[in-house]
Each structure stands twice: as C-alpha cells, then as structure tokens.
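Read through the structure below, which is laid out as structure tokens, and then see the notes.
Predicted model only: the values in this text are computed from it and were never measured.
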Amino acid sequence: MTADRRTEDAIERSAFIAGRVASAAETDAALIARIEELQGLTDFADRGSLAIEETAWQQVLEAGIEPSLVFAHPEVLKAAPQASLHYRGLALLSLKRVSEIATGVERWEDPTAAPQLSDERVLKVCRLYNVVISSLIFNTTDWAMDDAYRNVIATIGISADGSVRNLIGQLGENAVKNKMFRWVTEHGLLAGEEEPPDESEPGGSWILKDGIRMIFASEPDISFERDGVRVTLIEIKAGKDPAGALERLGAVKKTFDEAPPRCDNYLVVGVVTPTMRLRLDEMRMQRDFDIDQLLHDEASWDDFVDEIFNHSLRILQGA
C-alpha cells in the first residue's frame with residue numbers, strides 16, 4: 001500500500017471513529033436522562049445480592065453521585081433495556097464478553113428491538129456490571145463521575161475501532177465483487193443473470209460464457225461452478241489489522257479445506273504477516289493477491305483476472 005493510500009485509510013478510519021464516538025456520546029446522555037427518570041424504581045437496600053461492593057457504594061455516595069447512574073439495577077434494565085449500554089461502558093466490557101454471560105444482550109441495546117427480559121438474566125447481567133464497576137471504583141483514588149464518562153468513551157472507541165475493522169473488510173469485499181462484475185460485463189463474458197444482486201452487498205449468481213456459473217455470496221465470497229461442481233473460488237479478507245490476521249487465516253483455511261479436491265483456491269488479502277505467509281505457503285491454494293494492488297493498480301488487476309479467467313476457468317481467450 002502506498003503512503004498516500006495509507007494516509008487516506010487513516011483519515012477515513014479516524015473520521016468514522018470520531019462520528020461513532022460523537023453519536024454514542026449523545027446516546028449515553030439520553031440514557032442517563034432516562035435512568036434519572038427511573039430512580040423511583042431502584043431499591044439498593046440489598047446491595048450484596050446485586051454484587052455492589054460496600055466501599056465502592058460509599059465512595060459514590062460521598063462523591064454526591066446518584067447511585068443508579070453508576071450501579072446497574074434490575075428494575076432499571078427491565079424498564080429501559082438499552083441502559084445496558086451505559087453500564088457496560090462504565091464497566092469497560094465488550095458486548096461479546098457480556099453475551100458470554102447472558103445471550104441476547106445485543107437486543108437489549110438495540111433501540112428498535114423489543115426484547116423479552118427474564119428476571120434471572122437481568123440479575124446476572126446486573127451483577128456482572130456491578131462487580132466490575134465496584135472494582136474500578138475501589139481501585140481508583142478520588143473516583144468521580146468524570147472517571148465513569150472516560151470509561152464510557154473508551155468503550156465506545158474500542159467498539160468503534162472494531163466496527164471500522166469490520167467495515168473495512170466489507171467495503172473491500174464489495175469493491176472486489178463490483179469490479180469483477182463490471183469487468184465480466186465489459187469483456188462480454190456475461191450470458192445471463194440467475195439471481196439479482198443486492199445493492200447493499202453484492203450478491204447473486206450469473207451464467208457466464210461456456211456455461212460457467214459465477215456466484216457472489218460468502219464463504220466463499222466468489223465462486224465459479226461448471227456443471228454444478230465448484231471449480232474455482234476466491235476468498236476476500238480485506239482487513240488490514242495485523243492482530244486479526246491469523247484469525248482471518250483460520251476462516252480462509254476452513255473454506256479451502258471444504259472445497260472440492262480439484263478446485264482452484266485463491267485469496268485476496270489486506271495484510272500478510274510473516275507468520276501468515278508461512279501458513280499460506282502450506283495451504284492448498286494457487287495464489288494470493290494484495291487487495292490494494294487489485295483495486296488501485298490496473299496491471300495487478302489484469303494479472304488477477306488473467307489468472308482466474310484464463311489459467312483457472314480457461315474462458316478468457318477471445319473475450
């Protein structure tokens with residue numbers, strides 16, 4: 001990737017995260033207002049059952065902070081399930097981590113959903129939030145609500161960073177699919193459409209020259225069939241975060257391992273670490289291609305489509 005492209009990626013990433021943080025901060029302010037409205041429902045007399053550490057409780061009171069803004073209460077969550085987002089932010093917990101304790105929490109935090117909350121599940125989540133929040137308060141000198149807001153913003157930022165990684169992957173996948181569809185059309189290889197593509201996520205299947213069926217889906221992202229048998233597949237892993245490279249590689253290996261024995265396997269990838277390169281070389285795969293080169297360098301794209309449509313599918317001649 002060129003320096004200019006890296007700069008563009010950095011700007012797009014920062015702008016996306018900044019927008020998500022600003023939007024989420026507004027959401028949290030609205031949740032705080034809603035929690036304040038529900039103060040009459042909270043009875044913290046049995047703090048032990050809610051996993052609230054007494055020293056932390058006293059620190060909150062001494063700081064003059066309304067306890068329901070800090071500690072999760074079952075009645076608040078049942079009346080306003082989205083408040084889970086506020087308490088989870090205070091506890092610096094990821095949605096994935098909370099979902100391991102109680103499934104369905106993502107629906108609680110979805111303002112368009114109407115989740116059914118059982119008393120047992122709500123209490124379990126409250127106890128998780130409160131034990132973590134209590135620990136954070138107890139281990140912070142002169143803890144104040146500003147500390148809580150910093151935790152919320154940090155959680156939002158971490159979540160946004162994960163979202164932008166997913167977004168980069170999806171945008172890269174869509175870009176390759178769109179470019180391939182345009183190329184197939186421009187070179188007269190498209191014979192007919194079986195299923196219309198989804199505008200938000202390129203998908204569908206088309207009949208190409210010589211009866212080849214081209215399929216845009218997931219796992220694999222792009223595949224080609226002849227007489228109902230998969231002969232070529234392309235996995236697209238556009239993520240550029242080295243920390244997640246091996247996890248993405250595991251998904252690629254699974255797809256390649258499940259391919260028919262004579263299927264040609266290709267990978268379009270956003271980043272290849274040294275360890276990843278060693279493992280790629282051991283896989284049943286013809287070649288891998290750098291996604292930035294494919295999307296921004298026509299010579300690389302020409303090499304890619306020649307490999308797919310000439311060497312693998314053998315339908316490029318005369319196109």
Verify the cluster assignment for [X] and [Y]: are they in a single hydrophobic cluster under the rule of side-chain heavy atoms below 4.5 Å apart?
X      : Y      : result
Ile212 : Phe216 : yes
Met283 : Met276 : yes
Ile236 : Met180 : yes
Val271 : Ile234 : no
Val60  : Tyr129 : yes

Under a 3.5 Å distance rule, please check whether [X] uses its side chain to pair with a backbone N or O of [Y] as donor and acceptor.
X      : Y      : value
Ser135 : Val131 : no
Ser99  : Leu95  : yes
Ser300 : His296 : no
Ser134 : Glu53  : yes
Arg121 : Thr103 : yes
Asn130 : Cys126 : yes
Glu66  : Leu69  : no
Thr42  : Gln39  : yes

Do Phe71 and Leu90 pass the side chain to side chain contact (heavy atoms under 4.5 Å, CB included) test, and can you show the C-alpha distance, the side-chain angles, and the key distance before you say yes or no?
CA-CA 9 Å; Phe71 300 109; Leu90 295 184; over 6 Å; no

Strictly below 4.0 Å, N to O, side chains only: are [X] and [Y] in salt-bridge contact?
X      : Y      : result
Arg287 : Asp264 : no
Glu235 : Lys237 : yes
Lys254 : Glu258 : yes
Asp210 : Arg226 : no
Glu298 : Lys179 : yes
Glu75  : Lys78  : yes
Glu173 : Lys177 : yes

Heavy-atom distance under 4.5 Å between the side chains of [X] and [Y], does that happen here?
X      : Y      : answer
Leu190 : Phe181 : yes
Arg230 : Pro220 : yes
Val268 : Asp288 : no

Assess, by modelled atom type and distance only, whether the side chains of [X] and [Y] contain a donor and an acceptor separated by less than 3.5 Å.
X      : Y      : value
Ser312 : Thr232 : yes
Glu62  : Gln58  : no
Ser49  : Asp46  : yes

Could you pull out the closest heavy-atom pair between [X] and [Y], with the gap in Å?
X      : Y      : result
Val105 : Ser84  : CG1-OG, 3.6 Å
Pro74  : Leu50  : CD-CD2, 3.6 Å
Leu38  : Ala79  : CD1-CB, 3.9 Å
Leu233 : Ala259 : CD2-CB, 3.6 Å
Arg88  : Ser94  : NH1-C, 3.6 Å
Leu61  : Pro67  : CD2-CG, 3.7 Å

Do Val70 and Tyr87 pass the side chain to side chain contact (heavy atoms under 4.5 Å, CB included) test, and can you show the C-alpha distance, the side-chain angles, and the key distance before you say yes or no?
CA-CA 7 Å; Val70 178; Tyr87 297 114; over 6 Å; no

Going from [atom1] on [X] to [atom2] on [Y], what distance comes out if it is rounded to the nearest 0.5 angstrom?
X      : Y      : atom1 : atom2 : answer
Ile35  : Leu77  : CD1   : CG    : 8.0 Å
Met214 : Ser223 : CE    : OG    : 10.0 Å
Leu278 : Thr273 : CG    : OG1   : 8.5 Å
Cys263 : Met285 : SG    : CE    : 13.0 Å
Gln293 : Ile291 : CD    : CD1   : 11.5 Å
Leu31  : Glu36  : CG    : CD    : 11.5 Å

Parallel, tilted or perpendicular: ring planes of Tyr266 versus Phe289, cut at 30 and 60 degrees
tilted

Which of parallel (below 30°), tilted (30 to 60°) and perpendicular (above 60°) describes His73 and Phe44?
perpendicular

Apply the ring pair (Phe, Tyr, Trp, His ring centres under 6.0 Å) test between Phe309 and each candidate in Trp183, Trp301, Phe304; give the one that qualifies.
Trp183

Go through the steps for Arg34 and Glu37 under the test salt bridge (charged side-chain N to carboxylate O under 4.0 Å, His left out), then give the verdict.
CA-CA 5 Å; Arg34 178 64 176 140; Glu37 293 174 359; 3.1 Å; yes

Are there more than 12 heavy atoms of other residues, nucleotides or ligands under 6.0 Å from atom [atom1] of [X]?
X      : atom1 : value
Glu120 : CD    : no
Asp227 : CG    : no
Arg279 : CZ    : no

Taking Phe224 as the fixed residue, which of Ile315, Leu208, Val229, Ile215 is the one that meets the side-chain contact (heavy atoms from CB on, under 4.5 Å) rule?
Leu208

Show your working on side chain to side chain contact (heavy atoms under 4.5 Å, CB included) between Arg284 and Asn265 and close with a plain yes or no.
CA-CA 7 Å; Arg284 184 165 64 90; Asn265 302 324; 3.7 Å; yes

List the steps, then state whether side chain to side chain contact (heavy atoms under 4.5 Å, CB included) holds for Leu313 with Val231.
CA-CA 8 Å; Leu313 297 174; Val231 293; 3.7 Å; yes

